[in-house]
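Worksheet: the structure to be examined is printed underneath.
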Amino acid sequence: VPLLLSTAFLDLLCPKARERCRKIDTVRFVAQDGCSEPDTIFAFDINDSSHPTPPEHMVGEVVAPVEMPKEAIMDKGVEMMFVMDQDVVHAQDGITQEFHVAWRAAFQDYSSGRWDRARSTLADVDHIRPGGDGPARALLAFLDGQGLKPPPGWTGCR
């Protein structure tokens with residue numbers, strides 16, 4: 001996963017950017033004062049295959065569709081970039097609805113402590129995505145390391 005985000009960072013994003021993120025875990029971070037608060041980790045998935053860009057393209061520059069000048073996208077703000085900028089639009093090509101549905105089911109099983117079912121569904125998720133899925137593999141390793149048994153008092157947060 002090229003980009004992991006905390007809840008605090010996710011909350012700073014525009015709605016269109018948030019829609020493209022997926023919840024991948026809830027963990028406890030221990031602060032310097034010893035207190036621990038759960039925080040959700042999100043991923044912004046990016047397809048590993050590159051989308052062709054014009055030869056004069058600069059990283060971070062808007063790639064407008066043929067029918068629209070890039071100035072028109074830039075004038076409409078960040079929200080429009082997630083709809084029209086071809087770099088951003090194609091960053092998640094191949095990450096299918098089937099993948100997202102399977103991920104949500106697997107994550108629900110994991111969070112709810114149904115780890116036998118979660119393991120099976122996470123393995124399916126890993127096979128749906130070409131090249132595999134890092135978050136699915138991380139949760140599979142965690143589940144296997146725990147012997148597929150949630151710890152006593154499991155609340156969906158590790």
Side-chain angles (χ1 to χ4, degrees), residues 1-31 35-53 59-60 62-65 73 76-158:
V1 172
L3 193 54
L4 296 176
L5 315 167
S6 67
T7 302
F9 189 85
L10 185 85
D11 290 344
L12 297 173
L13 299 177
C14 69
K16 287 288 183 197
R18 283 195 301 268
E19 288 173 8
R20 291 173 159 237
C21 297
R22 70 176 158 132
K23 182 178 184 176
I24 61 167
D25 211 348
T26 302
V27 297
R28 290 191 178 278
F29 293 104
V30 179
C35 294
S36 66
E37 290 292 324
D39 195 9
T40 302
I41 300 173
F42 296 85
F44 185 89
D45 295 304
I46 296 175
N47 186 336
D48 293 333
S49 63
S50 63
H51 175 68
T53 56
V59 174
V62 172
V63 179
I73 295 172
K76 294 182 189 273
V78 172
E79 188 86 10
M80 184 57 78
M81 289 178 63
F82 283 87
V83 177
M84 299 302 293
D85 183 343
Q86 298 304 286
D87 274 348
V88 177
V89 168
H90 292 292
Q92 294 185 324
D93 278 354
I95 301 170
T96 64
Q97 186 67 22
E98 173 194 15
F99 171 81
H100 285 287
V101 168
W103 172 261
R104 284 191 293 274
F107 191 79
Q108 181 62 39
D109 287 338
Y110 159 71
S111 298
S112 300
R114 297 184 300 267
W115 287 9
D116 285 333
R117 270 180 38 186
R119 195 198 191 298
S120 174
T121 314
L122 285 165
D124 292 342
V125 167
D126 189 46
H127 292 297
I128 292 171
R129 186 148 179 214
D133 182 60
R137 289 178 179 175
L139 287 182
L140 284 166
F142 175 69
L143 297 180
D144 289 344
Q146 300 293 314
L148 295 178
K149 297 188 185 324
W154 173 254
T155 61
C157 178
R158 57 177 163 146

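Not measured: the values here are computed from a predicted model.
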Shortest non-hydrogen contact between A102 and I128, atoms and distance: CB-CD1, 3.8 Å

Minimal non-hydrogen separation, G156 against T26, with atom names: O-CB, 3.6 Å

Any residue meeting side-chain hydrogen bond (donor to acceptor under 3.5 Å, both in side chains) with D109, in chain and number order, not counting sequence neighbours: R114, R117

Side-chain (T7) to main-chain (T40) donor-acceptor, under 3.5 angstrom: yes

Y110 and F142 aromatic ring geometry - parallel, tilted or perpendicular at 30°/60° bounds: perpendicular

D144: side-chain hydrogen bond (donor to acceptor under 3.5 Å, both in side chains) partners, not counting sequence neighbours: R119

Closest contact, heavy atoms only, P38 versus R28: CD-NH1, 3.2 Å

Interatomic spacing from CZ in R104 to OG1 in T121 - rounded to 0.5 Å: 13.5 Å

Closest approach of W154 to C157 (non-hydrogen atoms, all atoms of both residues): CZ3-O, 3.5 Å

Nearest-0.5 Å distance that lies between atom CG in D25 and atom CZ in F42: 11.0 Å

Nearest atoms (heavy-atom pairs only) where D133 meets A136: OD2-N, 3.0 Å

CH2-NZ distance between W115 and K149, expressed to the nearest 0.5 angstrom: 11.0 Å

Separation between CG of D45 and NE2 of H100, rounded to the nearest 0.5 Å: 6.0 Å

Side-chain heavy-atom pair L122, W103 within 4.5 angstrom cut-off: yes

Pairwise distance CG(L5) to CZ(R18) - rounded to 0.5 angstrom: 11.5 Å

Flag side-chain contact, heavy atom, 4.5 Å: L139 against R158: yes

Inter-residue atom distance F107.CZ - I24.CD1, 0.5 Å rounding: 8.5 Å

F99 side chain near R22 side chain, heavy-atom distance below 4.5 Å: yes

